[in-house]
Amino acid sequence: MERGSSSDEEDDRENLILQNDDVKHLPPTTRSPFHIEDFHSTMRRRFHLHLNKRYLLAILLPLLILVLYFSTRNLFPSGLRFDRMRESELRALYLLRQQQLGLFGLWNNSQLETGNRSFVQSTALLDDLKSALLQQLSLNKEIQQVLLSSHRYGNLSEYQSDFQDPSLSGGYGFGRCGKVDQKMSERRTIEWKPKSNKYLFAICLSGQMSNHLICLEKHMFFAALLDRVLVIPSSKVDYQYNRVLDIDHINECFGRKVVVSFEEFSEAKKNHMHIDSFKCYFSLPQPCYVDEEHIKKLKSLGISMGNPEPAWVEDIKKPNKRTVQDVQSKFSLDDDVLAIGDIFYADVEQDWVMQPGGPLAHKCKTLIEPSRLILLTAQRFIQTFLGKNFVALHFRRHGFLKFCNAKRPSCFFPIPQAADCITRIVEKANAPVVYLSTDAAESETSLLQSLVVLGGKAVPLVKRPPRSSAEKWDALLYRHGLEDDSQVEAMLDKTICAMSSVFIGAPGSTFTEDILRLRKDWGSASVCDEYLCQGEDPNFVAENE
């Protein structure tokens with residue numbers, strides 16, 4: 001086989017032949033064995049040349065090392081930065097693993113129960129799916145932030161746009177705690193158009209202020225059913241309601257006079273106040289759930305009355321479900337002034353009464369709400385300490401241990417278990433702070449604060465601080481003489497809790513129930529609202545006495 005050679009190879013071959021021919025024509029070199037001096041001079045030149053190379057290498061090598069060091073120091077992180085990057089990457093790997101498990105669980109659950117489902121079941125499944133997907137998106141966002149956190153040393157402005165949250169259709173964001181749709185257009189209501197000379201005299205004795213407010217709300221429903229004006233109790237026998245409520249607000253909501261203060265009632269009756277009919281809703285444990293001591297207090301106000309008489313057999317421990325027709329048939333009387341006693345425990349059209357905005361037709365969000373001064377003070381506190389997104393916690397402890405342990409199951413949770421439940425809600429709400437409304441001792445709240453930790457950081461539990469002249473958020477209360485009033489402070493706590501993004505309540509507490517009522521009526525109720533450790537039992541319960 002012939003191999004073709006390129007022109008370059010031919011040129012090389014010609015050059016080599018020419019060089020050989022030239023060598024043949026060179027004169028022969030003669031060397032005498034006695035030319036020792038030439039040999040030594042040649043060796044010296046070679047030695048000096050080799051030595052110079054060593055010196056040159058010794059000089060150039062450090063320079064080369066310095067150049068390499070300064071040119072590569074920005075390419076490799078220092079020890080601290082390397083540790084930080086390693087920690088961030090390990091954290092990101094852990095989160096990715098959690099996200100993988102969550103997505104697998106979502107997939108597996110979607111394969112279950114694939115048979116025919118009702119519309120309600122399908123809707124519930126879709127809601128669960130959306131919630132789970134939003135959780136995974138939130139986790140993905142956290143992973144991005146963890147990875148970015150180790151690269152905060154340079155200028156990241158050119159990368160910021162790549163890490164913004166993409167918008168989601170349907171109005172969904174990374175927050176999973178949206179507002180509850182109260183469907184106000186579907187409310188069932190009745191008109192309250194009372195006869196101006198017919199009165200229902202309110203009597204509320206059960207429990208603390210929250211119980212009394214619920215009792216007043218039920219009295220308003222009864223007054224509307226019976227076409228009567230409601231008389232607010234005197235502060236001499238009950239709470240001073242005008243310090244926490246705006247009575248005129250209720251009348252403005254209806255555009256007519258539907259409630260009057262005790263002083264207005266006294267003036268209308270020209271100081272001749274008489275309860276014409278004292279017909280009791282409850283008969284047990286005593287008629288009207290009114291004791292002799294309260295009867296004496298009423299008489300000391302100049303009110304005369306007959307003996308309380310039960311309308312039927314009704315026990316506060318086992319109240320019967322009653323209808324509007326039941327109430328109207330028993331209590332529709334022609335007497336000018338009617339009293340029916342304490343009706344806090346009455347169970348009349350409960351679904352109707354508990355709907356958002358209540359059972360009465362009016363133009364306001366709610367009827368019984370904090371006064372304007374308390375509302376503004378709550379707003380100023382939130383602006384000062386909490387901000388828009390916060391979780392509120394009603395953490396009742398004082399006297400709650402015995403109360404809860406009498407129930408099955410108990411509603412009194414150990415601090416570590418409560419802290420775990422609170423942390424889960426805070427994570428779900430993605431809130432940076434918790435407002436703490438509590439009667440707990442400092443020893444309990446301190447332990448709780450140390451245990452509510454998310455992402456390695458303590459979540460602040462904020463309580464209302466003591467009065468300080470340097471702070472102006474509560475100046476309105478002091479300017480109007482409402483300072484150091486326990487009922488005003490309790491209503492302020494309720495208001496702050498009612499305005500939170502998410503609320504955690506104390507099961508069995510009417511204080512919590514009144515907050516939930518306000519949230520429902522104001523439209524601030526969240527799908528994440530729940531009682532503390534809802535669905536769980538305390539992991540330890542003491543024996544009863």
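Panel note: side chain Q487, backbone Y239; no donor-acceptor pair is recorded below 3.5 Å. Side chain of R519 to main chain of S500: a donor-acceptor pair is present (N/O by atom type, distance under 3.5 Å, no hydrogens or angles). Here the side chain of S266 pairs no donor or acceptor atom with the backbone of E263 at under 3.5 angstrom. Formation of a donor-acceptor pair under 3.5 Å by the D326 side chain with backbone atoms of T323 is found in this model. Here the side chain of R397 pairs no donor or acceptor atom with the backbone of A441 at under 3.5 angstrom. Judged purely by atom type and a 3.5 angstrom limit, D227 has no side-chain atom pairing as donor or acceptor with the backbone of P194. With hydrogens and angles disregarded, a donor-acceptor distance shorter than 3.5 Å links the side chain of R228 to the backbone of D336. Using modelled atom types, one side-chain atom of S524 and one backbone atom of A498 make a donor-acceptor pair closer than 3.5 Å. Remark: side-chain polar atoms of Q417 are not paired, donor with acceptor, to backbone N or O of P414 under 3.5 angstrom. R396 places no side-chain N or O within donor-acceptor distance of the main-chain N or O of G508, the cut-off being under 3.5 Å.
Between I295 and M305, the closest side-chain pair of non-hydrogen atoms falls below 4.5 Å. Side-chain contact between I343 and F222: present, with at least one pair of heavy atoms (C-beta onward) separated by less than 4.5 Å. Between T423 and V453, the closest side-chain pair of non-hydrogen atoms is not below 4.5 Å. Between L516 and F503 the shortest side-chain heavy-atom distance falls below 4.5 Å. Within the 4.5 Å cutoff, the side chain of V231 has no heavy atoms near those of the L200 side chain. Two residues are said to be in side-chain contact when any heavy atoms from C-beta on lie closer than 4.5 Å; L367 and E217 fail this criterion. Under the 4.5 Å side-chain criterion, counting only non-hydrogen atoms from C-beta, T495 is in contact with L375. At a threshold of 4.5 Å between non-hydrogen side-chain atoms, the residues E314 and R322 count as touching.
With rounding to the nearest 0.5 angstrom, the CG atom of L298 is 5.5 Å from the CZ atom of F201. Summarising the geometry, atom CZ belonging to F413 is positioned 12.0 Å from atom CG belonging to D420; distances are rounded to the nearest 0.5 Å. The CG atom of L476 sits 10.0 Å away from atom CZ of R372, with the distance rounded to the nearest 0.5 Å. Once rounded to the nearest 0.5 Å, the distance linking CG of L454 with CD of E427 reads 5.0 Å. One finds the CD atom of E513 at 7.0 Å from the CD1 atom of I214 (value rounded to the nearest 0.5 Å). Taking CD1 of I382 as the start and OH of Y435 as the end, the distance is 9.0 Å to the nearest 0.5 Å.
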Go through R256 and N251 one step at a time and tell me if the side chain to side chain contact (heavy atoms under 4.5 Å, CB included) criterion holds.
CA-CA 6 Å; R256 65 183 74 92; N251 291 321; over 6 Å; no
Can M273 and F262 be said to form a side chain to side chain contact (heavy atoms under 4.5 Å, CB included), step by step?
CA-CA 10 Å; M273 296 177 289; F262 179 80; 3.7 Å; yes
Check step by step if side chain to side chain donor-acceptor pair (under 3.5 Å) holds for K494 and S210.
CA-CA 10 Å; K494 280 185 183 179; S210 296; 2.7 Å; yes
So L477 and E489, side chain to side chain contact (heavy atoms under 4.5 Å, CB included) or not? Walk me through it.
CA-CA 10 Å; L477 299 183; E489 291 179 351; over 6 Å; no
Run the side chain to side chain contact (heavy atoms under 4.5 Å, CB included) test on V348 and Y281 for me, step by step, so that the C-alpha distance in whole Å, both residues' side-chain angles and the decisive distance to 0.1 Å come before the verdict.
CA-CA 11 Å; V348 179; Y281 184 92; 3.3 Å; yes
Side chain to side chain donor-acceptor pair (under 3.5 Å) for Q286 and D291? Distances and angles first, verdict last.
CA-CA 8 Å; Q286 56 199 22; D291 57 17; 5.2 Å; no
Step by step, would you call K318 with D315 a salt bridge (charged side-chain N to carboxylate O under 4.0 Å, His left out)?
CA-CA 5 Å; K318 296 180 180 179; D315 190 345; over 6 Å; no
Does the salt bridge (charged side-chain N to carboxylate O under 4.0 Å, His left out) test come out yes or no for E252 and K363, once each step is laid out?
CA-CA 9 Å; E252 290 169 0; K363 60 183 180 181; over 6 Å; no
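With hydrogens and angles left out, the side-chain atoms of S206 and N211 include no donor and acceptor closer than 3.5 Å. With no hydrogens or angles considered, a side-chain donor-acceptor pair links N405 and S410 at under 3.5 Å. For the residue pair W473 / Q383, no side-chain donor-acceptor distance below 3.5 Å is found, with atom types taken as modelled.
Scored by the disulfide (SG to SG under 2.5 Å) test, C497 finds no partners at all (sequence neighbours excluded). Taking the ring pair (Phe, Tyr, Trp, His ring centres under 6.0 Å) definition, one finds that H394 meets it with F511, sequence neighbours left out.
Closest approach of I368 to L518, counting heavy atoms only: O-CD2, 3.8 Å. For the residue pair A431 and N389, the shortest heavy atom distance occurs at CA-ND2, 3.5 Å. The nearest pair of heavy atoms linking A458 to Q449 is CB-NE2, 4.2 Å. Counting all heavy atoms, side chain and backbone alike, L393 lies closest to L532 at CD1-CD1, 4.5 Å. Between A378 and I496 the shortest heavy-atom distance is CB-CG1, 3.8 Å. Between A224 and I190 the shortest heavy-atom distance is CB-CD1, 4.1 Å.
No more than 12 heavy-atom neighbours from other residues, nucleotides or ligands sit within 6.0 angstrom of CD on E267. Other residues, nucleotides and ligands contribute more than 12 heavy atoms inside 6.0 Å of the NZ atom of K179. By the 6.0 Å contact criterion, NZ on K407 is enclosed, its count of non-hydrogen atoms from other residues, nucleotides or ligands being greater than 12. The neighbour count for K198 NZ, taken as heavy atoms of other residues, nucleotides or ligands under 6.0 Å away, is above 12.
Sorted by first and then second residue, the side-chain hydrogen bond (donor to acceptor under 3.5 Å, both in side chains) pairs with a member in residues 344-354 read K321-D347; sequence neighbours excluded.
Judged by a 6.0 Å distance limit and a 45° cone about the ring axis, R464 is not positioned over the six-membered ring of F385.
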